[in-house]
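Working notes for the structure below.
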Amino acid sequence: MTEYLDSSPCPQTPASFSDEFITGLNPAQREAVLQPSGPLLVLAGAGSGKTRLITHRIAHLIAGGYARPTDILAVTFTNKAAGEMRERVEQLLAGRDSATGVVLSTFHSFCVRVLRAHITELGRGWTGSFSITDQDDSTRVIKSILKEMGEDDKQAPKAVQSLISGAKNRGENPETYYLSQRKSGRYEQLAAQVFPRYERALLVSNALDFDDLLLRTVELFRSSEKWRSRYHHRFCHVLVDEYQDTNKIQYELIRLLAAGDLALADEPFPSDIWDRRSLCCVGDDFQAIYSFRAADFRIMLGFARDFTGARTIKLEANYRSTEQIVGAANALIAHNKTRLEKTLVSVAGPGSQINHALLEDGEEEARFAAAKISEHIRREPGLKAAILYRTNFLSRAFEEALRRAGLKYQIVGGLGFYERAEIKDIVAYLKLLRNEDDSLALARIINTPARGIGDATLEKLEVTARECGISTWEAVCLALQERTLPKRALTALESFKALIERLRREANHEGVPLPDLIRTVITETGYEASLIKDKSEEAFNRRQNLGELVSAAAAEQGERLDDFLDHAALVSDQDELEGETSPVTLMTIHASKGLEFPLVFVVGLEENLLPHSRSLGAEEEIEEERRLCYVALTRAQKYLYLTEVKERRLYGGCNLSETSRFIKEIPKDLVDANQRLRPAA
DNA sequence: GATTTACGCCTTTTT
DNA sequence: GGCGTAAATC
């Protein structure tokens, strides 16, 4: 585990002025790059060169002598964004300085590193080998707590999980949440009851959920003067990407890093704290589409108030899209009340009109898209297209139509590699090897493959564990000692325990390469044998996936088990979207943020779909849907098609559709509404 | 303890 | 209309 803290405090006076990294930038971008100290908010409109700005700023800080690479922390929301930025900074500095020391990571992986090094000092019982619990597992824990409480509502686990997650991201703890929820709805009351038990369950498992990663890091910095000040002094230059998507905890973390001790008091910071440091937050309130995940773009709107002396720079030149597309997006977003003043101007020049088509039904809509894409590609070979929709179930019809049209496509979303059952199983074994108290991992694999330890046995072990306040693994050891279970169960448990201990010795043995360890786990546990026995095609695929897991471990030369597990927990499907080789990409609008395509279809532009029926309540929700539509439109570079349907089939039934209000908010003169599906050739 | 059948669900989801 | 979970059966 690499530690962050090993360097002396930040310098420094600039060695020499360098204008090397501002050539080719527009005046607003230059201003943002050439501001080496102080708080800076950059409002970066869609397609305004945000990544360019961040990477050039980092390069300038280093090459200009304002900072050493190790003084810089840049946080993003996805591993993909972090990776791309690292690559570009390295290119910019190629041959002279190295960007290797720059800490460029996601909020979550940054926090994991900090916590692996210091979490014991929180004194709450977690150790540095804590497990990371994903959303799926955390819902599972909540489900079992609810079951114990005699609550068997099917929606409850997910609802409660999201309420608890929301509460944690707002900085609430079980006590404050309980007090604030006395008079609220059913799920809220349930959540208030589950919350403390959930927290205890994670602690006993020596596990942290995604929210904890942020929360406990903030807790550590708040409680430990030493680490707060060490990290504050270490990172004099902090950059935050997608600032509109930060939540309260992330904001608190940024404050602690930027201001150190001063962040504890609820007072404005004196301006001299910025003498040798900077905080640069980059975002676009028009693209805030994650409030359902507790992100709060009002944090960004309050930047100037929070950081006195802050400068705000707007990047309003759009290099991506034609005038028509930018015009439509501007007109649409103008209908939102809560937003900062900002008008995107296309510098890409005029293009063709936006196309709007009203089709009979979903099938015709799909055929229309496929036909138009073929037509465009015939005219401009190599053109890349995207089909964007609000909800995943819309993808089906398009897949079918694209297949028939002979167009290759890729779908973003769905099950990621590390979300597949067989991968999660093997990862669960590995987690258990590192952290024996991980009762979630243990529950997952204790009878996978089947080894005669059934639900009844596991249930008894878990009850004992709960009653004694110990982990399930400890309960297994206890049961074996006291012989408190039927003979058959004990025999099965005995050999399970021996298996895990054997594997653990293997894992702790220095010099065993990780791929070999994973191979051993796959074979020794009988996992592979059970897949070989199963003659189905699915079992075959699973074996292939496990092979990929071994290759993934082999690809990272010399990676340790700890790092591999962290990687597996924090990597997402989004990150794997590389090499857009297919001519057509299908995805939700959410997944498309940050991407661009010459040809874009935004489909299903109907009331109840976009805006979604569940968002029709409050005005704020409609505004979020409008921002979602804004994100969709601004993905397009040259050609944009908006489609809707007269009759939409939902869950078997047929529904008459109504044109989305967002279509009506786009000026008519920008739109060619006479698009028809011509009979297929 | 494993296999089958029926029931009930159906927004988005950076980590 | 299709999928995943959960009770019911062998």
Side-chain angles (χ1 to χ4, degrees), chain A residues 75-82 105-112 132-136 138-140 143 147 152-155 157-158 161-162 165-166 168-169 208-215 241-242 244-247 249-250 287-295 362 388-394 396-397 412-416 418-419 421 447 449-458 488-489 492 566-577 587-595 604 608-616 621 624-625 627-629 631-632 649-654:
Chain A
V75 282
T76 63
F77 278 82
T78 65
N79 295 294
K80 186 172 169 237
S105 76
T106 63
F107 271 107
H108 290 82
S109 42
F110 172 76
C111 290
V112 167
I132 300 170
T133 299
D134 65 22
Q135 194 181 312
D136 211 56
S138 111
T139 308
R140 222 169 284 207
K143 195 176 184 177
K147 201 173 161 191
D152 64 345
D153 180 335
K154 293 226 169 63
Q155 274 122 287
K158 276 196 167 170
Q161 195 275 331
S162 116
S165 171
K168 287 172 91 162
N169 281 306
L208 300 177
D209 65 19
F210 284 148
D211 306 321
D212 283 326
L213 296 178
L214 305 167
L215 207 52
D241 188 22
E242 307 281 15
Q244 78 281 355
D245 288 332
T246 48
N247 63 38
I249 302 297
Q250 288 158 335
Q287 296 185 68
I289 55 173
Y290 282 100
S291 66
F292 70 94
R293 296 262 310 114
L388 309 180
Y389 34 79
R390 174 72 235 257
T391 63
N392 274 310
F393 80 88
L394 284 177
R396 196 170 274 275
V412 182
L415 266 197
Y418 288 99
E419 282 158 11
N447 202 33
R451 48 172 74 89
I453 307 171
D455 293 344
T457 304
L458 179 59
R488 275 177 61 152
D566 289 344
H567 176 80
L570 298 177
V571 83
S572 78
D573 196 35
Q574 296 276 309
D575 302 324
E576 292 160 38
L577 174 76
M587 63 189 134
T588 62
I589 300 171
H590 281 93
S592 77
K593 199 172 77 166
L595 304 176
N608 295 319
L609 226 44
L610 187 65
H612 195 270
S613 52
R614 293 218 185 167
S615 315
L616 297 177
E621 288 181 297
E624 174 127 337
E625 295 288 304
R627 291 192 293 270
L628 200 49
C629 188
V631 168
R649 251 216 295 272
L650 279 169
Y651 322 130
C654 242

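In the text below, chain A, chain B and the rest are named by the order of the sequence lines, each starting its count at 1.
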Point to revise | Whole-Å distance separating the NZ atom of Lys158(A) from the P atom of dC9(B) | key: 13 Å

Review point. Is a side-chain N or O of Ser165(A) found less than 3.5 angstrom from the main chain of Ser162(A), in a donor-acceptor match?
Key: no

Check your understanding: Should dT12(B) be called syn or anti, with syn set as within 90° of 0?
Key -> anti

Exercise for review: Starting at atom CD1 of Ile453(A), determine the distance to atom P of dG1(B), rounded to an integer number of angstrom.
Suggested key: 9 Å

Review point. How long is the line joining CG of Asp212(A) and P of dT15(B), in whole Å?
Key: 18 Å

Review point. Do His590(A) and the base of dT12(B) stack face to face, with centres under 5.5 Å apart and an angle between planes under 30°?
Key: no

**Study point:** Spacing of Glu625(A) atom CD relative to dT12(B) atom C1', expressed in whole Å
**Key:** 8 Å

Exercise for review: Classify the nucleic acid contact of Ser615(A) as base, sugar-phosphate or nothing, counting any heavy atom under 4.0 Å across all strands shown.
Suggested key: base

Practice item. Please name the pair of heavy atoms, one in Arg390(A) and one in Glu625(A), separated by the smallest distance, quoted to 0.1 Å. Key: NH1-OE2, 2.5 Å

Review point. Does Thr588(A) place a side-chain N or O at less than 4.0 Å from the phosphate oxygens OP1/OP2 of dT13(B)?
Key: yes

Review point. What residues, two or more places apart in sequence or in another chain, satisfy side chain to side chain donor-acceptor pair (under 3.5 Å) together with Ser291(A)?
Key: Glu624(A)

Check your understanding: Taking Asp211(A) for the side chain and Asn169(A) for the main chain, is one N or O donor matched with an acceptor at less than 3.5 Å?
Key -> no

Check your understanding: Think Asn392(A) has a side-chain N or O under 4.0 angstrom from the OP1 or OP2 of dT11(B)?
Key -> no

Check your understanding: Should Arg614(A) be listed as having a side-chain N or O under 4.0 Å from OP1 or OP2 of dT11(B)?
Key -> yes

Review point. Picking from dT15(B), dT11(B), dG1(B), which would you name as closest to the side chain of Thr457(A)?
Key: dG1(B)

Check your understanding: Who are the side chain to side chain donor-acceptor pair (under 3.5 Å) partners of Asp209(A), not counting sequence neighbours?
Key -> Lys168(A), Tyr198(A)

Check your understanding: Leu610(A) has an atom CG; how far is it from atom P of dT12(B), in whole Å?
Key -> 13 Å

Check your understanding: Taking atom C1' of dT11(B) as reference, at what distance in whole Å does atom CZ of Arg390(A) sit?
Key -> 5 Å

Exercise for review: Map Glu624(A) and Phe77(A) onto DNA chain B by nearest heavy atom, then report which one ends up closer to the 5' terminus.
Suggested key: Glu624(A)

Check your understanding: Arg140(A): what forms a salt bridge (charged side-chain N to carboxylate O under 4.0 Å, His left out) with it, not counting sequence neighbours?
Key -> Asp136(A)

Check your understanding: Rounded to the Å, how far apart are Arg396(A) CZ and dC10(B) P?
Key -> 17 Å

Practice item. Remember a base hit wins even if backbone is also touched, and classify Gly594(A) as base, sugar-phosphate or nothing at under 4.0 Å, heavy atoms. Key: nothing

Revision key, fill the gap. Of Gly454(A) and Ser613(A), the one whose closest nucleotide on DNA chain B sits nearer the 5' end is Gly454(A)

**Study point:** Side-chain N or O of Asn447(A) closer than 4.0 Å to phosphate OP1/OP2 of dA2(B)
**Key:** yes

Review point. OH of Tyr418(A) versus C1' of dT14(B): gap in Å, rounded?
Key: 18 Å

Polar atom pairs between nucleotides 4-9 of chain C and protein, under 3.5 Å, N or O only, would you list them?
{"unit_1": "dA6(C)", "atom_1": "OP1", "unit_2": "Lys143(A)", "atom_2": "NZ", "d": "3.2"}

Check your understanding: Residues two or more places apart in sequence or in another chain: which of them pass ring-ring contact (aromatic ring centres under 6.0 Å, His included) with Phe77(A)?
Key -> Phe107(A)

Practice item. Classify the nucleic acid contact of Glu242(A) as base, sugar-phosphate or nothing, counting any heavy atom under 4.0 Å across all strands shown. Key: nothing

Practice item. Could you tell me which residues satisfy ring-ring contact (aromatic ring centres under 6.0 Å, His included) with Phe292(A), sequence neighbours excluded, listed by chain and number? Key: Tyr290(A), His590(A)

Check your understanding: Which of the following nucleotides, dT15(B), dT11(B), dT13(B), is nearest to the side chain of His612(A)?
Key -> dT11(B)

Review point. Is the ring centre of Phe292(A) under 5.5 Å from the base ring centre of dT12(B), and are the two planes under 30° apart, so that they stack?
Key: yes

Review point. Looking for any heavy atom pair under 4.0 Å, which part of the strands does Ala450(A) touch: base, sugar-phosphate only, or nothing?
Key: sugar-phosphate

